[in-house]
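Heads up, the thing below is written out as C-alpha cells.
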Amino acid sequence: MIALLRSEWLKLRTTAIPWVLAGIALVINGLLILVYFLNPGADRGGPGQANPNVGFGPPNPNVPHTIQQLRNLIGTGIEGYLFALLLGVLIITVEFRHKTVTTSFLVTPRRSTFVIAKLVTAALAGALLAVVMLAATVIGGGIALSAKGGSFTALVHQGPAVAPGMILVFVLFALLGVGVGSLITNQVAALIVCLGWFLILQNIVEGIWNGTAKWLPSGAAAAAANVTAGRDSSFGLLHWWQGSLLILAYGLVFAVVGSVVLARRDIT
Amino acid sequence: MPSAIEIHGLSKHFGPVRAVDDLTFEVPEGRVTGFLGPNGSGKTTTLRMLLGLVRASGGTATFGGKRYVELDHPVRHVGAVLEATSFHPSRRAEDHLKSVAIGAKLPLSRVGETLDLVGLTDVARRRVGKFSLGMRQRLQLATALLGDPEILILDEPANGLDPQGIQWLRTFIRYQASLGHAVLVSSHLLSEMEETVDDVVIVSQGKLVLQTTLADLATRAGTSTGMRIRTPEVPRLTTALDAVPVAWRQVAPDTLVIDGATPEWFGPFAAEHRIVLYELVHERGSLEEVFLALTQGFEAAAPGGLQDGQSAPFHMPGADQ
C-alpha cells in the first residue's frame, strides 16, 4: 500500500490538477482577505462579539482584534473545501478521462485497493491544501493586519484554534470527492453533479425542507469546522464530531458503492 | 511444451452480441503466437478478459493456472500493451514509467533501462502529449517491459509504427521469444506478422477458426498453385493447351492463367511446342489470402472451430480466378 501511495502521489504531482486548483483557491482566498480589509467593520465579530474584551490588538473598531474576529480571518479559506472536493473528484476521474486506469488496473488488479489508495491520496492532498491556505491566510492577513495597526502575533495565536477544523473539513471533502468520482467516473459528469449540488440544488433542498440544512454536506462542514460565520445560527448545527462523521459517511457510502460498481465495470 | 497462457471456454456477451464465444486455446512458452482475426472479431475483448480488465461471461483465462488478479506480482510476470492512448498528456514519459515502477515495487533503474530499450531516452523528460503515435506505442511497450515479464501480450502493436518501427518491433519480439518468453500478439493483418510469429490462433466473430503453426498455414497457402504466362503466341499456346487436360483462362490479350500447373510441367511443354515466352510466373496463394479465406469462409459457414489437422471450410484462392 505504501508503494501504491507513493505512486499515486507521483501521479498527482506530475499533472496540472493540484497546482491549478490550489492556485485558484489561493487567489480567491487572497481576494477575500483583500475585501475583508477594504471593508472595515464588516466582521462584527460573530458569536465572539458578546465577549469583545479579550482582544489583543489596539482598540480600533475597524481592525479585527477580538478572538472571534481573528479566528474568522484565519478561517477565510474555509469555503475552499469545495476545492478539496473537486481535487478528490479529479484525482480519480482523471484516470478514466485519459484511460490511464488501464495501466493502473494492470499494476493493481484489485479495484477496491485502487479506490482506497485514491482515498488516502486525496485525504493527504486535501490536508496539504488546507495547510497551504491557512499559511497563506495567516501570512497575507497578518501583514495586512499589521499594516492597519493590528497584532500579527495575536492572529498567529488563534491559528491552532482554527487549523484542526479546517484541515478536518478539507480532508473529509477530498474523501467525499473520491467517493463521488469512483461512482461517477465520467469527469465532466462528476464535476457537474458536485458543482450542481453545492451551488444550486443544496439551496433548493434547504429552502423546501426546513431543518435539513444541518444534515446536508455543507451544514455538516460548518459543524465540523465549528465555524458558523455566514450561516444563520438559528439553523442550529451538529456537534463537530457528528458533522465529521456525517461527511465521512457520505463519502464512504459513495466510495463503497463506487468500488462495488467499479469492480464489475469493464475497462474497454 | 509448457503453456504460459490457457484460455478455456472463454465467452463475453454484450447483450445479445457474442463478442467472444466459447474460445479455447493455449499459448506456449518460448514461442510467438499470432492472435489473428478481422477487426471486431473479439481479439481485444479476449486480451482484456485475460488481463482482468473485462469480466468474462463464462470460461477461464489464466497464466499457469492463475487468473491475472490472483498473480502475486502481476507486472513482473505479464507485460501488456493495449491501446496506445492511455497516458496523461501533461505527464512526462519518465514520470509515467516511475509511477508504474514505484506502484509495482520495481527498482527505479528499470525506468532508464526500458526507455533505452525502446529508444526513448532522448525524450524521457518530454510530456507525453507531445509524442507521436509511434512514440506512444514505444512508451507503452516500455511500460509493459518494466517488470521484465516472461509473458508479453501485445494488442495490435504495429498500429501507428512506421516501416522501420515495424521492423524494430519484429526484431524485438523475436528476441523476447529467444529468451524463452511467451509472446501473444494480436493483429488484423497476417502479412504484418508472418515474419514474426511461430504459431497462429485465428478467430472470427468471437470464435476460434484455426490454431496451428505458421509453417502449416504456409503449406496450405503453397498448395494453391497455378501458372501465369505472357507470350506473343497466345493462339498457338491455346491450341496446344486444348490438346491436354488442363483448365486455362485468358486474363489479358497476351496473358493466360493455367490452373494447377507447375513450372516443372509447363517448362518442357512450352519447349516441346517451341512457344516464345516473355514471362512465366508460378502463382501461389499468399498467407494473407489463406487468412482472408479462413476468416471470411468461416463467417459464411461452420459453427464451432477447427483444430489443427482438420480441413478448413474455404475455397483455395486461385482455384476459381
Side-chain angles (χ1 to χ4, degrees), chain A residues 1-23 87 90-118 120-121 124-125 181 185 187 259-268, chain B residues 12 14 19 44-45 47-57 66-106 108 127-129 139-140 143-144 146-147 149 153 155:
Chain A
M1 186 44 104
I2 297 294
L4 207 51
L5 291 177
R6 285 179 56 217
S7 169
E8 286 298 333
W9 194 254
L10 176 66
K11 282 200 240 173
L12 179 62
R13 66 180 179 77
T14 52
T15 60
I17 293 169
W19 310 111
V20 170
L21 273 181
L87 189 61
L90 292 173
I91 279 177
I92 187 159
T93 55
V94 69
E95 295 256 3
F96 292 88
R97 174 152 181 232
H98 294 298
K99 294 191 173 181
T100 49
V101 70
T102 302
T103 306
S104 298
F105 282 171
L106 289 178
V107 176
T108 315
R110 294 195 188 278
R111 298 183 184 180
S112 50
T113 310
F114 167 83
V115 174
I116 291 169
K118 290 291 186 192
V120 177
T121 306
L124 291 173
T185 52
Q187 190 166 72
S259 295
V260 170
V261 173
L262 200 56
R264 304 182 61 86
R265 179 165 295 170
D266 289 342
I267 307 299
T268 53
Chain B
K12 179 65 182 181
F14 294 107
T44 296
T45 306
L47 297 183
R48 283 179 174 265
M49 283 193 280
L50 180 59
L51 294 165
L53 295 169
V54 167
R55 280 164 65 94
S57 307
K66 282 186 171 176
R67 291 186 301 135
Y68 188 82
V69 68
E70 294 165 347
L71 296 173
D72 283 336
H73 289 286
V75 175
R76 289 174 192 255
H77 293 290
V78 183
V81 172
L82 299 169
E83 75 261 309
T85 51
S86 58
F87 301 105
H88 192 289
S90 65
R91 192 171 287 141
R92 298 173 202 278
E94 194 179 61
D95 289 333
H96 160 78
L97 291 175
K98 271 188 194 166
S99 75
V100 174
I102 292 171
K105 295 179 190 165
L106 301 168
L108 280 180
R127 295 180 198 278
V128 182
L139 183 57
Q140 197 67 274
T143 313
L146 273 175
I153 295 171
D155 193 12

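Here is how names work: the chains are called A, B, and so on, in the same order as the sequence lines, proteins then strands, and each is numbered from 1. In this text the structure is predicted, and so the values were computed from the model without any measurement.
Only the side chain of B/Arg48 comes within contact range of chain A, judged by heavy atoms closer than 4.5 Å. Contacts between A/Ala263 and chain B at a heavy-atom distance below 4.5 Å involve the backbone alone (N, CA, C, O). With a 4.5 angstrom heavy-atom cutoff, A/Arg265 touches chain B only via backbone atoms. Interface residue B/Thr143: only side-chain heavy atoms are found under 4.5 Å from chain A.
To the nearest 0.5 angstrom, A/Leu10 atom CG is 10.5 Å from B/Leu97 atom CG. Within the model, atoms OG of B/Ser99 and CD of A/Glu8 stand 8.0 Å from one another, a figure rounded to the nearest 0.5 Å.
A 4.5 Å side-chain heavy-atom check between A/Thr14 and B/His88 finds every atom pair outside the cut-off. At a threshold of 4.5 Å between non-hydrogen side-chain atoms, the residues B/Val100 and A/Thr103 count as touching. The shortest side-chain heavy-atom distance between B/Phe14 and A/Asp266 falls under the 4.5 Å cut-off. Between A/Leu106 and B/Leu53 there is a side-chain heavy-atom pair separated by less than 4.5 Å.
Looking only at heavy-atom pairs under 4.5 Å with chain B, the residue among A/Arg111, A/Arg110, A/His98, A/Lys99 that has the most is A/His98. Put simply, of A/Thr15, A/Ile2, A/Leu4, the one with the most heavy-atom pairs under 4.5 Å next to chain B is A/Thr15. Put simply, of B/Thr44, B/Thr45, B/Val75, the one with the most heavy-atom pairs under 4.5 Å next to chain A is B/Val75.
Here the shortest heavy-atom pairing between A/Phe105 and B/Tyr68 reads O-CE2, 4.3 Å. Between A/Ala16 and B/Ser90, the shortest heavy-atom distance links the atoms N-OG, 4.0 Å. For A/Val107 against B/Ala104, the heavy-atom pair with the smallest separation is CG1-N, 3.9 Å.
Within the 3.5 Å criterion, the main-chain N or O of A/Thr102 finds no donor-acceptor partner in the side chain of B/Ser86. At distances below 3.5 Å, at least one donor-acceptor pair connects side-chain atoms of B/Arg91 with backbone N or O atoms of A/Lys11.
Residue-environment remark: CZ (B/Arg92) exceeds the threshold of 12 foreign heavy atoms within 6.0 Å.
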